[in-house]
Number of protein chains: 2
Amino acid sequence: MAQMKPRTLSGFMELLPGPQQQMERIMEILRETYSLYGFTPLDTPAIEAADVLLAKGGGETEKQIYRFQKGDSDLALRFDLTVPLAKYVALHYGELSFPFRRYQIGKVYRGERAQRGRFREFYQADIDIIGDGKLSILNEAEIPAIIYRTFSRLGLRRFQIRVNNRKLLNGFYGMLGLSDRAGDILRTVDKLDKIGPEKVAALLREEVGLDEAQAAEILRFLTVEGDALAALEAYRGRSEAFDEGLDELRAVVSSLGAFGVPAENFAVDLTIARGLDYYTGTVYETMLLDHPEIGSVCSGGRYDNLAGYYIDKPLPGVGISIGLTRLFYVLGEQKLLNPQLLTAPADVLVLPMTADLQPAIRLATELRENGLRTQLYAEEKKFKAKMAYADKLGIPYVLFLGEDEIQDGVVTCKDMASGEQTKLPLAETISRIREGLLEKSRGPVILEG
Amino acid sequence: MAQMKPRTLSGFMELLPGPQQQMERIMEILRETYSLYGFTPLDTPAIEAADVLLAKGGGETEKQIYRFQKGDSDLALRFDLTVPLAKYVALHYGELSFPFRRYQIGKVYRGERAQRGRFREFYQADIDIIGDGKLSILNEAEIPAIIYRTFSRLGLRRFQIRVNNRKLLNGFYGMLGLSDRAGDILRTVDKLDKIGPEKVAALLREEVGLDEAQAAEILRFLTVEGDALAALEAYRGRSEAFDEGLDELRAVVSSLGAFGVPAENFAVDLTIARGLDYYTGTVYETMLLDHPEIGSVCSGGRYDNLAGYYIDKPLPGVGISIGLTRLFYVLGEQKLLNPQLLTAPADVLVLPMTADLQPAIRLATELRENGLRTQLYAEEKKFKAKMAYADKLGIPYVLFLGEDEIQDGVVTCKDMASGEQTKLPLAETISRIREGLLEKSRGPVILEG
């Protein structure tokens, strides 16, 4: 007698088998792509000592953190993958080789107010390159290539990687004598997309206290059209930070072609800042052009000091993060997941048609030895129910093995999509199934409009 | 200035990059093998509502559970993957097709007293087949094949899958009129391996209160030599449960050949019980023959009622579980992990030898388009330091691109293992690297004695 109504906590994604297969495929593509660029997988604990995890201060996320006692220990669930990386690099500093390139795809936890599309347990898929003391600008230049290849392999084409440089911004506000108000300005300017240049100019005057000329100059700078780099050259020579930032931005832009990033998937965007404190060089955002309302789906940047709270070594780095659970949710909502791809648990369902199951077992064994995902189905059901089972799960091929087939050394194979039925020797049947599966797995996991 | 000494909690496995690559390879083999048998991947939350997770009662594990409040919610971390499966199947009953075959490889949490080789966060790798009301014995017969293929693919040969049947045991104790003492007997008999038959007989008399004949009968039964099935036939006809269990055991044993399980990797072992309450049919253990002290590395069995606490439907099933973190730890301790396999983050390290980095970037892009995991290394270091970096990480090939190479349309490639250096066109270099990598990835992940 059931005593407890089963439920899954709100804000926790739990997928049905079909969507889970799509999610697995996306993760596999991320693992493969990150590996292609020389990143090694890491897996750190989901639980850390609370004082270690919060050494840097949790900031806005602090009250969202899952924190609890177990025995005498004050514990917390990780709320991102960056703090655990900092701990890992500091702890294992002597055993690592730098630059240290790692990827991590793992669950993180934030007790946010639950709402549609917001998750309390969610996957982040991060890559970071950590240098020991120094790190070549080439690493920053490489990041757009990784983003481009990752999203292309997933099947997306209508996306744009947007890049800015924090030194450039800081240098510019320095030129205007506004370094001390840079934070307020960045926060205001961040609204440009939403409220437009005139309202931003008004806010810069009224709330930040700039004069009309300063506000106009800032807006002219931020909304530069056409060849941004050429326009930015006009400011050169007035701020060391600005010039350095501009050189870095040039290094990033000039390498795009060699890295294989098409011009239409890239833009310099001077409005991007990515928070106030952490990033110190190139910053990245990635927009789905047909879904700007989602915001950036892959963001990050260059930072100077990964682990200052744990170790007295300057560890500069550059990294990006994909909020995978949220991205998957949005792709589903927008109907962008390719429905053609197989999500069945098996490629082949073997139906024994004889009382003696041994021939059917041997058949299944041979199919598996040939790499075909095979389910052997021996439940006592009507034939119609068995076919409905294959159909409902989307299993593409059903194999029957009766006395006739056994005697003739053949198997009957039904292609569930076309309805075509063949009666051929096993080797030939396997080749046909393999060809069919290749066809059915050809498409990308994301299919744009 | 560092303010906090970084540390990882005791009982939490955190691997260095090399071992992590081996762990990833093992997980990949598990995913592939489970998929070959028609299991679909699932991923359930690590946190559940405490009342849901503990609906069945946590038993011995209850005080080990990580349980905590967040806002008004009473939460707990999952302590196995079976209770979340029960919840999942009950919650999504109407959307699933039965038999439902799923695998899940995920972390579970138990706040045990920390000791060497015991983990508080550890991976379990589970498969289960759930029927709706009924489930064919063929599913029980298939489990040894899955265990065999999984461990073989990992590279193990010296292992034995041991099987028993709970109906057979219950039937036997019923014959002796000892049904009510079956629990005490099972607990005592479980010590057979450790203390031997004589001491077990003594305990059966002194602690369980059996007479000498009963104790002798039990020991004769449990230690049957040679053809166990033939010997068990002698008991047939005295208990319905026994006869049913014997038929089931016969069905499992008689299918082994067709399932491709060699006789030497299998044994009937009447001493296996796997706990008292849960299992109701076939039970499984898997021993590494050269490391009996580890105990079973893959265990499970048939149960009648997966989710009775959540749903008024009989959901019989059969499942097995590998304690992956512990297994990995033991394999490492026993030096069984193949040191020949690549654990480098990249196959190729590209060293630009010109001031202009564009040719080296294009080279890296082409290598990646050819599927080679490539790291582009542009840090300002001495040549010797760059080579030491490749060497320390175990990157098998280093490519140099200087003015000469660019002019001649070739690349210089150093095979780090052999020291051999070639200067060939890129296409040819790529073929040679591919062949070399194939060679270096030929071995299994586990290498016995």
Side-chain angles (χ1 to χ4, degrees), chain A residues 1-4 6-9 12 14 16-17 20 24 35-36 38-47 49 52 55 66 68 70 87 90-92 95 97 99 101 107 111 121 136 138 255 258-260 309-312 345-346 357-358 361-362 365 368 373-376 378-379 389 392-393, chain B residues 1-4 6-9 12 14 16-17 20 24 35-36 38-47 49 52 55 66 68 70 87 90-92 95 97 99 101 107 111 121 136 138 255 258-260 309-312 345-346 357-358 361-362 365 368 373-376 378-379 389 392-393:
Chain A
M1 190 191 51
Q3 295 170 6
M4 164 69 58
R7 67 185 195 280
T8 297
L9 291 164
F12 288 70
E14 184 172 79
L16 285 170
Q20 183 64 43
E24 300 282 328
S35 296
L36 265 190
F39 292 86
T40 198
L42 272 199
D43 184 14
T44 61
I47 307 179
V52 172
Y66 289 92
F68 51 93
K70 179 76 184 169
K87 184 215 71 176
L91 183 59
H92 304 292
E95 299 156 288
S97 300
R101 300 163 76 97
K107 287 176 170 177
E121 175 187 71
S136 161
L138 190 67
S255 303
F259 272 123
Y309 273 76
Y310 299 129
I311 189 170
D312 283 324
L357 296 178
Q358 304 297 309
I361 296 174
R362 275 193 291 271
T365 301
R368 287 160 178 163
R373 300 179 306 140
T374 303
Q375 181 181 344
L376 191 51
E379 308 309 312
Y389 177 81
K392 196 173 162 207
L393 285 175
Chain B
M1 191 192 52
Q3 296 171 5
M4 165 68 60
R7 66 185 195 279
T8 297
L9 292 164
F12 288 70
E14 183 172 79
L16 284 171
Q20 183 64 43
E24 300 281 330
S35 295
L36 265 190
F39 292 85
T40 198
L42 272 199
D43 184 13
T44 61
I47 307 178
V52 171
Y66 289 91
F68 51 93
K70 180 76 184 169
K87 184 216 71 177
L91 183 58
H92 304 292
E95 299 156 289
S97 300
R101 299 163 78 96
K107 287 176 171 177
E121 176 187 70
S136 161
L138 191 67
S255 303
F259 272 122
Y309 273 75
Y310 300 129
I311 189 170
D312 283 325
L357 297 177
Q358 304 298 309
I361 297 175
R362 276 193 291 272
T365 302
R368 287 159 177 162
R373 301 179 306 141
T374 302
Q375 181 181 346
L376 191 52
E379 308 308 312
Y389 177 82
K392 196 173 162 207
L393 285 175

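Throughout, protein chains are lettered first and strands after them, A, B, ... in sequence-line order, and every chain is numbered starting at 1.
Checking side-chain atoms of B:Gln358 against main-chain N and O of A:Ala258 turns up no donor-acceptor pair under 3.5 Å. Distance alone, capped at 3.5 Å, places no donor-acceptor pair between the B:Ser97 side chain and the A:Tyr389 backbone. A donor-acceptor pair is defined here as one N or O able to donate and one able to accept, closer than 3.5 Å; such a pair exists between the side chain of B:Glu379 and the backbone of A:Ser136. At least one donor-acceptor pair closer than 3.5 Å links the side chain of A:Glu121 to the backbone N or O of B:Ala46.
Only the side chain of A:Leu138 comes within contact range of chain B, judged by heavy atoms closer than 4.5 Å. Using a 4.5 Å cut-off between heavy atoms, B:Phe39 contacts chain A through its backbone alone, with no side-chain atom that close. Looking at B:Leu91, both its backbone and its side chain come within 4.5 Å of chain A, counting heavy atoms on both sides. For A:Leu357, the part lying under 4.5 angstrom from a heavy atom of chain B is the side chain only.
Between B:Lys107 and A:Thr44, the closest heavy-atom pair is NZ-O, 3.1 Å. A:Lys87 approaches B:Thr8 most closely through the heavy-atom pair NZ-OG1, 2.6 Å. Considering all non-hydrogen atoms of both residues, A:Val52 and B:Arg7 come closest at CG2-NH1, 3.3 Å.
For the options B:Glu95, B:Lys70, B:Glu24, heavy-atom pairs under 4.5 Å to chain A are most numerous at B:Lys70. Chain A forms more heavy-atom pairs under 4.5 Å with one residue of B:Ala90, B:Ala346, B:Pro45 than with any other, namely B:Pro45. Comparing A:Gly260, A:Gly111, A:Ala55, A:Ala49 by how many heavy-atom pairs each has under 4.5 Å with chain B, the most go to A:Ala49.
Taking CZ of B:Arg101 as the reference point, atom CG of A:Leu376 lies at 7.5 Å (rounded to 0.5 Å). B:Gln3 contributes atom CD, which lies 9.5 Å from atom CG of A:Asp312 (distance to the nearest 0.5 angstrom). Rounded to the nearest 0.5 angstrom, A:Gln20 CD and B:Leu42 CG are separated by 6.5 Å. In this structure, CZ in B:Arg362 is found 11.5 Å from CZ in A:Phe259, a value given to the nearest 0.5 Å. Within the model, atoms OH of B:Tyr310 and CE of A:Met4 stand 7.5 Å from one another, a figure rounded to the nearest 0.5 Å.
Note on ring orientation: taking the six-membered ring where Trp is involved, the planes of A:Phe68 and B:Phe68 are parallel (angle under 30°, cut-offs 30° and 60°).
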